[in-house]
Amino acid sequence: MSTHPSHTPLPALAQERRVVTAIPGPKSQEALTRRAAATSAGLGLTFPVFIERTQGAILQDIDGNSLIDFGSGIGVVNVGNSNDLVVNNVIEQVQKIAHTCFTVAPYMGYVEVCELLNELTPGTHKKKSLLVNSGAEAVENAVKVARHFTKRPAVVVFEHAYHGRTNLTMALTAKNMPYKEGFGPFAGEVYRMPMPYPYRALSNPATLAQDSFEEISHRIEKEIGVENVAAILIEPIQGEGGFIVPPKGFLPALSEFATKHGIIFIADEVQTGFCRTGDWFAVNDENVVPDMVVTAKGIAGGLPLAGVTGRADIMDSVHIAGLGGTYGGNPVSCAAALGAIQSMKDEKLADRAKHIGQIMGDALRAMQAKYPVIGEVRGRGAMQAIELVKPGTKEPNTAAMQEVIKYCLSKGVLILTAGTYVNVIRFLPPLVMTDDLLKDALGVLDEAFASLK
Ligand SMILES: *Cc1c(COP(=O)(O)O)cnc(C)c1O
């Protein structure tokens, strides 16, 4: 009989920025050489620092620098890096069951996560869920189920959309470089519609929602035929596309149109979900109730997990064993999700996201007033972005974006970029970031803009 080793908690990582070497430091430099020799050159690299430990809103690199995390691993660790409840649940769970495959021999964690998804996603109708490993896999499954239920082939998606990197989701994703270039041929029956992008719209802002909706509904009716459309798939706030927030009224009109024509309305909440925008889900803002909601990223505090939640009649329309996968809803990931969701409730992280959004929004608008390179500040809750332009124009300014990111990195603040035109800086802080840390990071950002030539 072996006894389980008990888990010894590590000493807390101070929630403060501390830069002790050049960035990257010497150890990271060496590690980068090994990385280049051992790993595919096709893998991108945003920050050239190797991370040794994380906690809360701090990432500590192998040279001992404490860096402020403004990216949350791309909107994943909403509950904070190495969140206590997640860590404890994971350790406890992996000692009990690491894997059985839910469709071979089930366990309760999977069911409990699905119960929570059914309860937390919008709408009081009867819902059911399915768990898989990644956002892309969840999107694929949502489309599979919608096609199976409607017996229709077409899927409507949008400009600037990002839905993943598998074959079907590459077809659903808008941007060619780097996501699609040379990776085709792509899946068929995918139809792309214009996305209302308020900052870059040519039409009158007051009528943008209505104008966009009219064009899209016309094209669906005349060019595809409503009776051929299985699903309309949309991110309620576009993530990789540059945090594009559609004008009020657009999502409700689209959802109503879908319902009227028996089209499944699928909200891709992979980046916007789990308190990020100040609500459980971004569609809550306009009380839109999707037929299906796709979740991933923030769901499990850093462990790989994704969900498809939908109307019970849709989710139950598939024959037995039509859905599944070896690892989908792995017990350890489910335990992590239960910890993460508990933490969101206990710490009222949706409210915290609103609070962060207020501080960030105010600071970013103050910077916009000082620095004409900031064309627009936009977002909701703790999902904010700035779009950089050549002053006095709306011409994308990729160079300024790169300089700002580089400056912040050198000072120990890690910030992500986005945008079809490669000119958006996006802020996705862990929702547990302290006000002090947030203000410190925003101060560094202000210095970065002041340093621009
Ligand atoms: C990240 C993302 C995906 C893909 O998720 P993966 O887990 O990387 O496969 C899909 N949709 C949106 C909106 C995303 O942000």
Side-chain angles (χ1 to χ4, degrees), residues 15-17 56-58 68-72 74-81 83 120 198-199 205 235-239 242-248 251 269 271-288 297-298 340 343-371 373-388 404 408 413-419 424-450:
Q15 295 298 296
E16 62 191 25
R17 179 169 63 97
I58 292 291
I68 300 180
D69 178 11
F70 243 145
S72 299
I74 321 188
V76 170
V77 290
N78 295 1
V79 294
N81 289 277
N83 172 286
L120 296 172
Y199 182 60
E235 302 158 80
I237 295 176
Q238 292 184 316
F243 288 14
I244 300 166
V245 187
K248 290 261 186 256
L251 292 174
E269 291 262 8
Q271 195 157 154
T272 47
F274 292 103
C275 303
R276 174 55 57 189
T277 63
D279 264 312
W280 278 105
F281 296 98
V283 289
N284 291 132
D285 185 59
E286 290 185 274
N287 299 313
V288 168
K297 294 199 166 98
S343 189
M344 292 174 205
K345 292 179 176 176
D346 291 351
E347 298 179 52
K348 298 191 168 51
L349 291 186
D351 292 342
R352 188 69 209 148
K354 285 192 187 123
H355 174 77
I356 288 174
Q358 195 69 53
I359 295 177
M360 268 198 308
D362 289 349
L364 295 173
R365 279 183 292 274
M367 285 182 227
Q368 182 184 23
K370 285 194 285 185
Y371 308 114
V373 73
I374 302 178
E376 191 183 45
V377 178
R378 60 174 178 255
R380 189 182 303 148
M383 184 172 187
Q384 299 278 335
I386 49 182
E387 179 156 355
L388 303 191
V404 167
C408 291
V413 180
L414 304 187
I415 309 182
L416 297 174
T417 60
V424 174
I425 296 180
R426 61 170 152 170
F427 306 95
L428 288 169
L431 305 179
V432 299
M433 185 180 281
T434 61
D435 287 7
D436 284 349
L437 214 50
L438 183 59
K439 287 172 187 164
D440 181 32
L442 289 165
V444 171
L445 184 70
D446 194 313
E447 280 172 28
F449 279 106

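- L431 has its side chain out of reach of V79: every pair of non-hydrogen atoms, C-beta onward, lies at least 4.5 Å apart.
- In this structure, CG in L445 is found 4.5 Å from CZ in F427, a value given to the nearest 0.5 Å.
- In terms of heavy atoms, P236 sits closest to E269 at CG-OE2, 3.4 Å.
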Determine whether L428 and Q271 satisfy the following criterion, side-chain contact (heavy atoms from CB on, under 4.5 Å), listing intermediate values before the conclusion.
CA-CA 10 Å; L428 288 169; Q271 195 157 154; 3.6 Å; yes
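- Here L442 contributes atom CG and D446 contributes atom CG; the two are 9.0 Å apart, rounded to the nearest 0.5 Å.
- Around atom NZ of K248, more than 12 heavy atoms belonging to other residues, nucleotides or ligands sit under 6.0 Å away.
- The distance from the CD1 atom of I237 to the CG atom of D285 is 7.5 Å, given to the nearest 0.5 Å.
- For the residue pair A353 and C275, the shortest heavy atom distance occurs at CB-O, 3.0 Å.
- For the atom pair M360 CE and M433 CE, the distance stands at 8.5 Å (nearest 0.5 Å).
- Between I386 and F449 there is a side-chain heavy-atom pair separated by less than 4.5 Å.
- The minimum heavy-atom distance linking T272 with R276 is given by the pair O-CB, 3.5 Å.
- The shortest non-hydrogen separation linking I415 to R426 is CG2-O, 3.6 Å.
- Atom CD of E347 and atom CZ of R352 lie 9.5 Å apart (nearest 0.5 Å).
- Looking at E286, its side chain never comes within 3.5 Å of a backbone N or O of V283 through a donor-acceptor pair.
- Classified by interplanar angle (parallel below 30°, tilted 30° to 60°, perpendicular above 60°), the ring pair F274/W280 is perpendicular.
- Side-chain N or O atoms of R378 include one that pairs as donor or acceptor with a backbone N or O of F243 at under 3.5 Å.
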Under the side-chain contact (heavy atoms from CB on, under 4.5 Å) criterion, do L349 and V432 qualify, and how do the steps go?
CA-CA 8 Å; L349 291 186; V432 299; 4.1 Å; yes
Criterion side-chain contact (heavy atoms from CB on, under 4.5 Å) on D69 and I58, from CA distance to verdict:
CA-CA 6 Å; D69 178 11; I58 292 291; over 6 Å; no
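- From L414, atom CG reaches atom CD1 of I68 across 9.0 Å, with rounding to the nearest 0.5 Å.
- Side-chain atoms of I425 and V404, non-hydrogen and from C-beta on, do get closer than 4.5 Å to each other.
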Stepwise side-chain contact (heavy atoms from CB on, under 4.5 Å) check, D435 with H355:
CA-CA 9 Å; D435 287 7; H355 174 77; 2.9 Å; yes
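- Scanning all heavy atoms of the two residues, the minimum distance from Y199 to G375 falls at OH-CA, 3.3 Å.
- Note on D436 versus K439: no salt bridge recorded, every NZ/NE/NH1/NH2 to OD/OE distance being 4.0 Å or above.
- When all heavy atoms are compared, the tightest approach of A282 to T277 is CA-OG1, 3.6 Å.
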